[in-house]
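Everything below concerns the one structure shown next.
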Amino acid sequence: MTVQFPKGFEWGVATASYQIEGAVHEGGRGESIWDRFSHIEGNIQNGDTGDIACDHYHLYKDDVALMKELGVKTYRFSISWPRIFPNGTGDVNEEGVQFYRNLLEALHEAGIEPAVTLFHWDLPQKLQDKGGWLNRETADAFATYAKTCYERFGDLVPRWITHNEPFVHAFLGHYFGEMAPGMKDLRATLQVSHHLLLSHGMAVKVHRELGLQSEIGITYSTSSVYPANKHVKDKEAAELYDGMLNKWFFDPVLLGSYPEDIKSRYEEAFPLDFIQDGDLDTISQRIDFCGINYYFRTIIAYDNTVPFWNGREVQKEHAERTAMGWEVYPDGLRQRLLECKERYGNLPLYITENGCAADDVVNEGKVDDSFRISYLDRHFKAMQEAIEQDGVNLKGYYLWSFLDNFEWAYGYDKRFGIVYVDYETLQRVKKDSFYWYQQVVKENGLPS
Ligand SMILES: CO[C@H](O)c1c[n+]2c([nH]1)[C@H](O)[C@@H](O)[C@H](O)[C@H]2CO
């Protein structure tokens with residue numbers, strides 16, 4: 001075995017509700033902001049929506065059987081808030097509860113441990129109609145939703161993740177506008193990000209008050225940020241960008257404060273008066289682990305036309321890239337894991353997402369995705385170095401994704417799965433990477 005992982009390292013796969021479930025008008029489910037956003041012409045490539053997606057809602061037993069064949073120990077998926085509370089608050093939808101209990105029981109039967117994400121961006125539209133995450137009361141609604149999930153599913157869930165990628169939901173949904181709800185306002189974005197983090201802390205507090213045996217954490221999108229050159233301006237811009245992208249979300253939870261460098265720049269433009277006394281105490285409730293979603297590194301060049309962080313992303317010429325155009329840079333994963341250990345201490349970490357999009361095609365019932373195997377192989381090597389050489393407390397890995405699925409604004413064009421989905425027939429086809437990953441899981445290491 002060329003590359004061996006520690007005994008007990010947890011290998012898994014990941015998905016998210018809106019991207020795979022479909023059945024958006026079934027089982028009592030209410031409307032989400034992604035139903036609304038995806039049905040607005042021009043928002044999603046090819047006019048795709050999550051109305052059917054992988055039809056996991058009806059095919060979950062087959063999918064769990066495939067996961068069992070794969071041999072993974074754990075499966076990360078998200079609960080659709082509007083399936084539990086169709087109006088965001090108020091009456092619980094018992095059909096929605098039953099769907100997730102059926103899924104959790106099927107996973108239990110298969111010996112697969114669930115890691116449940118409470119929020120993976122599909123906010124009930126009824127809450128959006130009242131301001132969404134701009135409204136501090138949405139944090140209260142989230143705490144009630146979380147408590148209900150703990151009470152209804154807690155006997156079958158050993159690992160809870162409050163939020164998936166607050167940076168992406170806040171900034172891509174409220175500043176860059178390419179994701180639901182499609183806003184473009186920086187102050188609103190910072191207010192949203194604060195209320196997301198506040199709701200995280202409130203949900204952790206409820207988890208502790210219930211005395212649950214399960215563990216709870218949060219998942220961040222993250223990237224290792226590099227200056228384009230050695231010029232001091234590029235280094236300063238990279239530092240500020242790292243503050244905007246990473247520290248703004250990690251620090252309040254893990255250090256109990258916002259990063260001063262970028263915070264003072266924001267405050268020159270507008271008061272951050274949505275931060276109330278006591279909020280940071282709530283936000284920085286002790287957590288049991290931190291989830292890291294890593295796909296690529298970020299290179300920043302100084303650009304004073306960009307407000308606040310004065311930097312713009314630049315692309316390395318002739319770099320190897322995935323079908324998303326993202327640079328393949330495994331060393332950035334090791335770098336980011338080490339940065340987390342050095343800044344936040346050796347809190348247990350899980351890679352809660354990593355993987356790549358590729359232009360997969362089925363040929364005589366098979367999918368040759370050797371590019372994806374190579375991407376994963378190199379990232380696994382980087383992870384193993386982080387553990388063995390840097391002493392990072394990395395406990396497990398969730399491959400994104402188990403199934404090809406609805407890739408947000410890109411629709412179904414971008415395939416991340418190790419299982420191919422034919423969207424005409426909904427047939428699943430195991431890619432070569434499925435069999436390769438099956439071997440990695442079995443051997444707890446890379447095939448020699
Ligand atoms: C920039 O990468 C982000 O961290 C990121 C990448 N991804 C994500 N976040 C989301 O959590 C998933 O829902 C996406 O399907 C997945 C693939 O795009």
Side-chain angles (χ1 to χ4, degrees), residues 12-21 32-34 37-38 44-45 48 50 53-54 56 75-80 115-123 161-173 175-176 178-180 196 217-225 241-242 244-246 248-250 290-300 313 315 321-330 332-333 336-337 340 349-358 360 372 375-376 379 397-419 421:
V13 286
T15 65
S17 46
Y18 187 74
Q19 295 181 268
I20 66 166
E21 285 181 4
S32 79
I33 60 172
W34 269 95
F37 188 80
S38 66
I44 312 295
Q45 226 164 278
D48 291 340
C54 308
H56 178 72
Y75 169 49
R76 176 187 176 225
F77 67 95
S78 73
I79 290 178
S80 171
V116 175
T117 307
L118 288 166
F119 185 71
H120 202 122
W121 308 346
D122 44 357
L123 186 74
I161 296 165
T162 54
H163 282 292
N164 178 71
E165 302 194 337
F167 165 80
V168 171
H169 188 65
F171 273 78
L172 275 72
Y175 186 52
F176 300 116
E178 63 197 74
M179 289 190 151
L196 284 168
I218 185 170
T219 273
Y220 292 112
S221 58
T222 194
S223 182
S224 31
V225 183
Y241 193 94
D242 182 56
M244 179 275 289
L245 172 74
N246 291 318
W248 191 259
F249 295 90
F250 282 73
C290 189
I292 298 288
N293 290 359
Y294 175 89
Y295 289 87
F296 52 83
R297 68 161 168 178
T298 302
I299 304 171
I300 296 297
E313 284 188 55
Q315 299 294 326
R321 296 186 185 285
T322 72
M324 291 293 280
W326 297 345
E327 183 185 0
V328 180
Y329 197 76
L333 172 55
R336 189 66 196 123
L337 291 170
C340 288
L349 301 177
Y350 292 90
I351 304 289
T352 36
E353 281 181 35
N354 170 255
C356 69
D360 300 324
R372 178 173 290 106
Y375 176 98
L376 294 171
H379 284 79
Y397 174 90
Y398 292 87
L399 197 157
W400 187 271
S401 178
F402 177 59
L403 296 171
D404 290 339
N405 58 54
F406 177 78
E407 181 48 37
W408 307 114
Y410 294 90
Y412 296 103
D413 264 5
K414 306 299 182 188
R415 293 180 177 274
F416 277 86
I418 56 173
V419 174
V421 176

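First listed ligand is number 1; within each ligand, the first listed atom is number 1. Numbering of residues begins at 1 and proceeds along the displayed sequence.
- When hydrogens are left out, the protein atom nearest atom 18 (O) of ligand 1 is Glu407 OE2, 2.7 Å; that is the closest non-hydrogen contact.
- Side-chain contact annotation: Ser38 with Tyr18, donor-acceptor N/O pair under 3.5 Å present.
- The nearest protein atom to atom 9 (N) of ligand 1, hydrogens excluded, is given as Glu165 OE1, 2.6 Å; this is a heavy-atom distance.
- Considering backbone and side-chain N/O atoms, Thr222 never comes within less than 3.5 Å of an N/O atom of ligand 1.
- For atom 16 (C) of ligand 1, the nearest non-hydrogen atom from the set Phe416, Tyr295, Tyr294, Tyr220 belongs to Tyr295.
- Relative to the six-membered ring of Tyr329, Arg297 meets both conditions, a distance below 6.0 Å and an angle of at most 45° to the axis.
- Counting heavy atoms only, Glu353 comes closest to atom 10 (C) of ligand 1 of the residues Lys414, Glu353, Gln19, Met324.
- Near His120, the atoms of ligand 1 lying under 4.0 angstrom from a non-hydrogen atom of the residue are 10 (C), 11 (O), 12 (C), 13 (O).
- Between Tyr410 and Met324 the shortest heavy-atom distance is CE1-CE, 3.5 Å.
- Looking at Ser221 next to ligand 1, no N or O pair under 3.5 Å apart turns up.
- Listed by atom number, the atoms of ligand 1 under 4.0 Å from Trp326 heavy atoms are 2 (O), 6 (C), 18 (O).
- At least one heavy atom of Trp121 lies less than 4.0 angstrom from ligand 1.
- Side-chain contact, Tyr375 with Asn354: a donor N or O sits under 3.5 Å from an acceptor N or O.
- Atoms of ligand 1 found under 4.0 Å from any heavy atom of Asn164, numbered from 1 in the order shown, are 11 (O).
- Between Tyr75 and Thr15, the side chains place a donor N or O and an acceptor N or O closer than 3.5 Å (distance only, hydrogens not considered).
- By the 30° and 60° cut-offs, the orientation of the rings of Phe406 relative to Trp408 is perpendicular.
- At a cut-off of 3.5 Å, with distance as the only test, a side-chain donor of Thr222 or Asn246 sits close to an acceptor on the other residue.
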